[in-house]
Amino acid sequence: MADWVERDAARVWHGFTQMAAYAANSPVIVERAEGHELVDVDGRRYLDAISSLWVTTLGHRVPELDEALAGQLGRVAHATLLGNGSRVVIELAEALAEVVPVDDPHFLFASDGAPAVEQALKIAFQYWANLGVAGRTRYLALGGAYHGDTVGSLSVGADGFGSDLFGPLRFPVVRAPGYDEPGWSQAAARLVEERTGELAAVVVEPLVQGAAGMHVADPGDFAALQEACSRTGVLLVCDEVATGFGRTGTLFASEQCGLRPDLLCLGKGITGGYLPMSATVASRRVYEAFLGEDLGPRTFYHGHSYGGNALAAAVALRHLELLRERDVLASVRERSRELAELLEERIAPLDAVAEVRLRGLMCGVELVPGDRHGRKVCAAAVARGVLLRPIGDVVIVVPPLTITTPELERIVRVLEAAILEVIPVADLARAR
Ligand SMILES: Cc1ncc(COP(=O)(O)O)c(C=O)c1O
């Protein structure tokens with residue numbers, strides 16, 4: 001392992017990682033995977049309790065997805081969607097159109113979540129320009145929001161570590177409270193009403209603000225905001241990059257929240273965690289505002305080299321079928337109930353735990369503040385064969401959607417042991 005870590009650190013620049021400390025933090029170097037487990041270069045196994053950063057849905061090396069990928073390799077790997085079409089992408093868009101909570105949808109594909117958000121922001125901006133309406137150029141976004149790392153998505157994302165430095169590049173937004181503040185929805189709805197004339201769109205992560213540390217809302221909270229958008233015509237952008245494809249127990253979290261977005265952002269789980277693909281989904285109302293003369297100014301002059309990649313589309317299409325065939329959503333809801341009970345029993349009562357937050361299979365265990373508690377607890381879990389990763393002092397648990405009951409029990413057992421090892425009760429008593 002040490003040799004691989006050295007070679008890795010010598011040449012690879014890892015995202016969200018301080019490279020000066022990378023090797024000392026005992027990274028796992030993955031060589032292969034089986035089902036819900038990753039196997040490192042020394043043959044050690046780790047239960048992937050973060051779904052490779054929330055993308056893996058059915059586990060690794062799913063035979064049906066492998067087959068879909070191999071089948072598409074025998075046809076074509078990639079053909080551009082700029083001005084031409086691709087059969088498997090048409091089939092995927094037709095299949096997605098049956099299930100997304102968007103009226104008469106059209107799909108603009110990209111490769112990662114942030115570009116899907118970026119596309120939505122630009123579409124919302126140009127929508128008003130195409131209609132000849134001046135001044136509606138701003139976005140309303142929430143406190144605690146995370147929408148990606150490109151400059152536009154960073155702008156609608158909340159302030160803080162990693163964003164503030166880029167302040168001079170970020171455009172100003174109208175900021176409403178986040179899900180951790182009571183009354184956020186009414187406050188956001190009020191801002192939409194008061195500032196309608198300057199707003200192009202509202203951007204939200206339905207139900208869970210994931211990267212904020214799993215701040216959760218109740219499904220009923222969203223009615224006021226949806227009503228305000230419907231009444232004022234301000235476009236509603238739902239960023240379901242993290243919550244989409246079954247993660248919260250419905251195919252899309254918007255369904256539970258009673259939201260009908262004008263623009264929907266998809267990514268992460270769309271290919272079951274196999275290949276980079278994302279999409280911005282536009283409702284008929286939005287899409288039609290872009291229709292006009294050939295080469296004219298109403299056109300959306302935007303598109304990425306690998307948007308609508310054929311290999312990714314073939315996997316995404318088969319993945320959507322598998323979610324239905326295997327009744328994965330029912331399983332997510334059942335496992336979520338089990339996880340809630342396990343956390344309530346074993347984790348929430350611990351002195352070192354400030355709060356446990358869960359929706360579907362998106363969970364955040366907030367530890368009491370301390371010296372890199374999140375980092376240390378996750379390292380202790382990894383040493384016990386369960387791969388976890390924190391966001392600050394919040395331990396994030398986002399297992400594959402097909403996780404089993406014994407595997408959930410293992411995750412919680414390991415998390416409990418890791419917390420007790422890293423933050424002994426005596427230390428807490430001293431700190432008080
Ligand atoms: C809600 C949300 N939007 C956008 C993104 C950015 O996606 P990507 O990392 O694929 O660019 C993320 C990533 O965590 C996310 O959680």
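Just follow the structure's listing: the first ligand is 1, and inside any ligand the first atom is 1. Worth saying up front: this structure is predicted, and the values here are computed from it rather than measured. All heavy atoms count here, side chains included; hydrogens, waters and symmetry mates do not.
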Side-chain (S51) to main-chain (V398) donor-acceptor, under 3.5 angstrom =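 It does hold such a pair.
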State the atoms of ligand 1, each with its element, that fall below the 4.0 Å cut-off from a heavy-atom position in [X].
X: D239; value: 1 (C), 2 (C), 3 (N), 4 (C)
X: K268; value: 13 (C), 14 (O)
X: A242; value: 16 (O)

Hey, could you give me the [atom1]/[atom2] distance between [X] and [Y], rounded to the nearest 0.5 Å?
X: I347; Y: L367; atom1: CD1; atom2: CG; result: 9.5 Å
X: E205; Y: H147; atom1: CD; atom2: NE2; result: 5.0 Å
X: L263; Y: L235; atom1: CG; atom2: CG; result: 6.0 Å

Determine whether any heavy atom of Q209 lies closer than 4.0 Å to an atom of ligand 1.
->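 Distance cut 4.0 Å: Q209 fails for ligand 1.
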Salt bridge or not for R337 and E341, using N-O below 4.0 Å?
->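 Looking at R337 and E341, the cut-off is not met.
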At under 4.0 Å between heavy atoms, is it the side chain or the backbone of [X] that contacts ligand 1, or both, or neither?
X: E240; answer: neither
X: H147; answer: backbone
X: A114; answer: both

Who's the nearest protein heavy-atom neighbour of atom 12 (C) of ligand 1, and how far?
->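 For atom 12 (C) of ligand 1, the nearest protein heavy atom comes out as Y146 CE2, 3.7 Å.
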Looking only at protein heavy atoms, which one is nearest to atom 5 (C) of ligand 1, and how far off is it?
->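 Answer, as residue, atom name and distance: V241 CG1, 3.8 Å.
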Shortest non-hydrogen contact between H304 and P115, atoms and distance =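 Shortest heavy-atom separation between H304 and P115 comes out as NE2-CB, 3.9 Å.
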